[in-house]
Engineer: 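Here you go, one structure.
Letters A, B, ... are given to chains in the order of the sequence lines, protein chains preceding strands, and every chain is numbered from 1.
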Amino acid sequence: MSNIITITFPDASTREYESGINSLQIAESIGPRLAQDVVVSKVDGELRDLSYPIELNASIELFTGEAPEGHEVLLHSTAHLMAQAVKEIYPKAQVTIGPAIENRFYYDFDIDGTFSDKDLLRIEEKMHELANRGQIVTRKEMSRDDAITLFKKMGEHYKVEIIEDIDPGETLSAYQQSDFIDLCRGPHVPNTGEIKYFKLLNSSGAYWRGDEKNKMLQRIYGTVFSSKKSLKKYLNFLEEAKKRDHRKIGRELEIYIFDEEVGPGLPLWLPNGTIILDELEDLAKESERKAGYKRVRTPHLSKSSLYERSGHLEHYKDSMYPAMDIDGTEYYVKPMNCPHHHKIYAASPKSYRDLPVRLAEYGTCYRYEKSGQLFGLMRVRSMQMNDAHIYCTPEQFKEEFLDVCRMYLMYFEIFGIEKYMMRLSLHDPAELGKKYVDDSDLWIKTEKAVKEALDDGGFNYTEIPGEAAFYGPKIDVQVWSAIGKEFTLATNQVDFAVPGRFNLTYTNADGKDETPLCIHRAPLSTHERFVGFLIEHYAGDFPLWLAPRQVIILPVSEKVHDYGREIVNEMFEKGIRCEIDTRPEKIGAKIRQAELSKIPVMAIIGEKEVEARTISVRRRKIGDQGSIPLDDFISEILDEIKTRRHSYRKTE
RNA sequence: GCCACCGUAGCUCAGCUGGUAGAGCGACUGAUUUGUAAUCAGUUGGUCGGGGGUUCGACUCCUCUCGGUGGCUCCA
């Protein structure tokens, strides 16, 4: 066996080393700085500990804590460090799982009692102490049975439970630092001294294995970075995100409120918010009209039999408001519009020539969301859906489905939404007849058709098994709130089951009855959620067409109030939302107030402007734009509104 | 729903170990007639989320309840 091996680096350069060398030694041979910063390596494409001995020729990639691979290891190692600290302070605590997540890590513990903020500080202190000790982190491989024996002896019952679920033949690994041993796949940093810049963020309850039937554990979230600067930047980002939170801006800009006496999750839309909703609806009506949708309206209540037929009572009863008894019959507040639309479809006989039938309604629905689930406008109990149902033949399906997807993209373009993820939710064969309509062939056929449509349309998407609706696969568009919470913005579902239950038919060219497919779609989500999202997306700086307050006239002195009122009237006549600030304040104060209110256009008028019939334009965040004739100003504003132009952005 | 934390004026917040509440902004009034992010002065404003209890005395302690926040779980 040759003692010399060749190591290939990502840039294709090579170096020779003695067999058995590890990544840390290789880093040292390149430079002391790299040796200091390197956290983990990839050997032949596999992430490995720095101490992993390399026996044969290999390709190697070294990662510092700045690289995503390195950061993840750092996060994970810090989770271990936290667990070690917790075990030292609370010897009776049992450790469970502690993974790295995006920019953060957490660890769940089973302890008596809970963690207070003070406890977190104490744990954090302990962590610094343990980190500074420079404990060497070593990897130990063992058989599954040995692992069970070891963790049983340690009294770590959750770990034993985890191991017992692993295949008997597998070799497991554990990492040890001082007396602390944790089952872990690794890799980890070689020394706890590498962990310097961390902070524990918050604690919460978390069910063991995420199942509310299980015991509630105590979870601690924290974060770590490879430099003080990065940590600070991240903490700062969290602070900035809070400023964009739609709940904060929604209150500041008087968009919506919740009232204790009205009830949780039941928003009241203030005049400013209603303007935004109206604009969104105008956009939706306009684009749906052009796309051949017909608008319908349906009641808020229906008999229970309707939802029995649709299957919703069977599948979603827990999320519906309880039934009310009316003249001895059970009625439900509607949790969705589809059954009503099915009835409208069925109201007259359809031929294949009538299809596709596209029915749209911004119907208000009510869903009983668990109290802990409510989240500002993003998760509410009363909601208006940007809803429509498309009934089509199997031949028409692909094109209809794609048209819906294209409609999302058109909206995203209008709103400047760039960060999103498309998710295709598929059924789980094991759940057929339980969670899902029991028709395996139809599921497979439909899912294939959806995938084909998406592929042909050139869409990128991720497949998620076991997340489909009970009646068919669905496409969700996922976005993230300012504080990083993921949620579904647009949704598009294929329904091959419910039309049959409603006996919906169309007569085909051969004169025979067939059941149409139904596409459920809500590209603008619920209007509540969409507005919540937009508030954060724009950080309250709405583009002109959406801005509740579009133009404010700021008179330099009272002498020009008449001219100002004249402008307001003229703009009002043209449909521009314009107001005038007649407070006896100096112009600087009026500007400041307008800026804080995020009014996009300020029109400053003084005696010069009166004389020349001009206005001095100041765009929010842009500043003074100079004087222009009043008529030009009005037509510019109108054009910007009409074309729904993007807002000016500070950083662009 | 579960775990933790929080709840003082329209908003943001102060109020030490119990002695019946303060500031800034806002709003209002008056003066100022102002040129691109705060003119000055005055006035207004709270049964300290609500109920019950402990205490001579509760914003402060206990308890129940309502609401919010961070998570867990779920989302047609």
Engineer: Of the options B:U34, B:G1, B:A76, whose atoms approach the side-chain atoms of A:I587 most closely?
Structural biologist: B:U34
Engineer: With a 3.5 Å limit on both atom pairs, tell me what B:C5 is paired to, counting Watson-Crick and G-U wobble, or say none.
Structural biologist: B:G68
Engineer: Report yes if a side-chain nitrogen or oxygen of A:K215 is closer than 4.0 Å to either non-bridging phosphate oxygen (OP1 or OP2) of B:C2; otherwise report no.
Structural biologist: no
Engineer: Starting at atom CG of A:N492, determine the distance to atom P of B:A76, rounded to an integer number of angstrom.
Structural biologist: 13 Å
Engineer: Is there a side-chain polar atom (N or O) of A:K590 under 4.0 Å from OP1 or OP2 of B:A37?
Structural biologist: no
Engineer: If you go through the side-chain atoms of A:R219, does one of them form a donor-acceptor pair with the base of B:C72 closer than 3.5 Å?
Structural biologist: no
Engineer: Between A:E369 (CD) and B:G1 (P), how many Å, whole number?
Structural biologist: 12 Å
Engineer: Would you say the side chains of A:Q478 and A:T488 form a donor-acceptor pair under 3.5 Å?
Structural biologist: yes
Engineer: Given the ring of A:F502, does A:R309 sit roughly above its face, with NZ or CZ under 6.0 Å from the centre of the six-membered ring and within 45° of the axis?
Structural biologist: yes
Engineer: Of the nucleotides B:C2, B:G71, B:C11, which has the atom closest to the A:Y221 side chain?
Structural biologist: B:G71
Engineer: Ignoring the backbone of A:Y368, work out which of B:A76, B:C72, B:G1 is nearest its side chain.
Structural biologist: B:G1
Engineer: Can you tell me if A:E536 uses its side chain to pair, donor with acceptor, with the backbone of A:H246 under 3.5 Å?
Structural biologist: yes
Engineer: Starting the side chain at C-beta, find the nucleotide from B:G7, B:U34, B:G70 nearest to A:V556.
Structural biologist: B:U34
Engineer: Is there a Watson-Crick or G-U wobble partner for B:G24 with both distances under 3.5 Å, and if so, which one is it?
Structural biologist: B:C11
Engineer: Using the P atom as the reference point in each nucleotide, state the distance between B:C59 and B:U44 in Å, no decimals.
Structural biologist: 23 Å
Engineer: Return yes if the base of B:G50 and the side-chain atoms of A:E261 contain a donor-acceptor N/O pair under 3.5 Å, otherwise no.
Structural biologist: no
Engineer: Taking the side chain of A:R592 as heavy atoms from C-beta outward, which of B:U36, B:A37, B:G71 is closest to it?
Structural biologist: B:A37
Engineer: Pick one: which of A:I464, A:V477, A:T491 meets side-chain contact (heavy atoms from CB on, under 4.5 Å) with A:R423?
Structural biologist: A:I464
Engineer: Quick one: A:R251 CZ to B:G67 P, roughly how many Å, whole number?
Structural biologist: 18 Å
Engineer: For A:G311, does its backbone N or O pair with a side-chain atom of A:E314 as donor and acceptor, under 3.5 Å?
Structural biologist: no
Engineer: From the set B:U36, B:A38, B:G71, return the single nucleotide nearest to any side-chain atom of A:R618.
Structural biologist: B:U36
Engineer: Go through the side-chain N and O atoms of A:T298 and A:K334 and say whether any donor and acceptor fall under 3.5 Å apart.
Structural biologist: yes
Engineer: Determine whether a donor-acceptor pair (one donor, one acceptor, N or O, separation below 3.5 Å) exists between the side chain of A:Q373 and the base of B:C72.
Structural biologist: yes
Engineer: Looking at B:G71, B:U39, B:U36, which one has an atom nearest to any side-chain atom of A:S616?
Structural biologist: B:U36
Engineer: Say we look at B:A4 and B:G50: how far apart would their C1' atoms be, to the nearest angstrom?
Structural biologist: 22 Å
Engineer: Using a cut-off of 4.0 Å on non-hydrogen atoms, how would the nucleic acid contact of A:G588 be classed: base, sugar-phosphate, or nothing?
Structural biologist: sugar-phosphate
Engineer: Output the rounded distance in Å from CZ (A:F375) to C1' (B:C75).
Structural biologist: 15 Å
Engineer: What is the nucleic acid contact for A:R247, judged by heavy atoms within less than 4.0 Å: base, sugar-phosphate only, or nothing?
Structural biologist: sugar-phosphate
Engineer: How many whole angstroms separate atom CG of A:D110 from atom C1' of B:C3?
Structural biologist: 13 Å
Engineer: Within this structure, what is the CG-to-P distance between A:L596 and B:U12, rounded to whole angstrom?
Structural biologist: 15 Å
Engineer: Which nucleotide wins on minimum distance to the side chain of A:R620, given the candidates B:A37, B:G35, B:A76?
Structural biologist: B:A37
Engineer: Nearest to the side chain of A:Q493 - B:A76, B:C11, B:U36?
Structural biologist: B:A76
Engineer: My understanding is that only one of A:W443, A:Y471, A:Y436 makes a ring pair (Phe, Tyr, Trp, His ring centres under 6.0 Å) with A:F496; could you say which?
Structural biologist: A:W443
Engineer: Please state how far atom CD1 in A:I97 lies from atom P in B:G71, giving the value in whole angstrom units.
Structural biologist: 16 Å
Engineer: Within the 4.0 Å heavy-atom criterion, would you say A:T114 contacts the bases, only the backbone, or no part of the nucleic acid?
Structural biologist: sugar-phosphate
Engineer: With rounding to whole Å, what would you report as the distance between B:C75 and B:C64 at their C1' atoms?
Structural biologist: 32 Å
Engineer: If pairing requires Watson-Crick or G-U wobble contacts with both distances under 3.5 Å, which nucleotide is the partner of B:U29?
Structural biologist: B:A41
Engineer: How long is the line joining CZ of A:F496 and C1' of B:A76, in whole Å?
Structural biologist: 14 Å
Engineer: Report which part of the nucleic acid A:N202 touches: base, sugar-phosphate, or nothing (heavy-atom distance under 4.0 Å, all strands).
Structural biologist: sugar-phosphate
Engineer: Within the modelled atom types, does a donor on one side and an acceptor on the other bring the side chain of A:Y207 and the base of B:G1 under 3.5 Å apart?
Structural biologist: yes
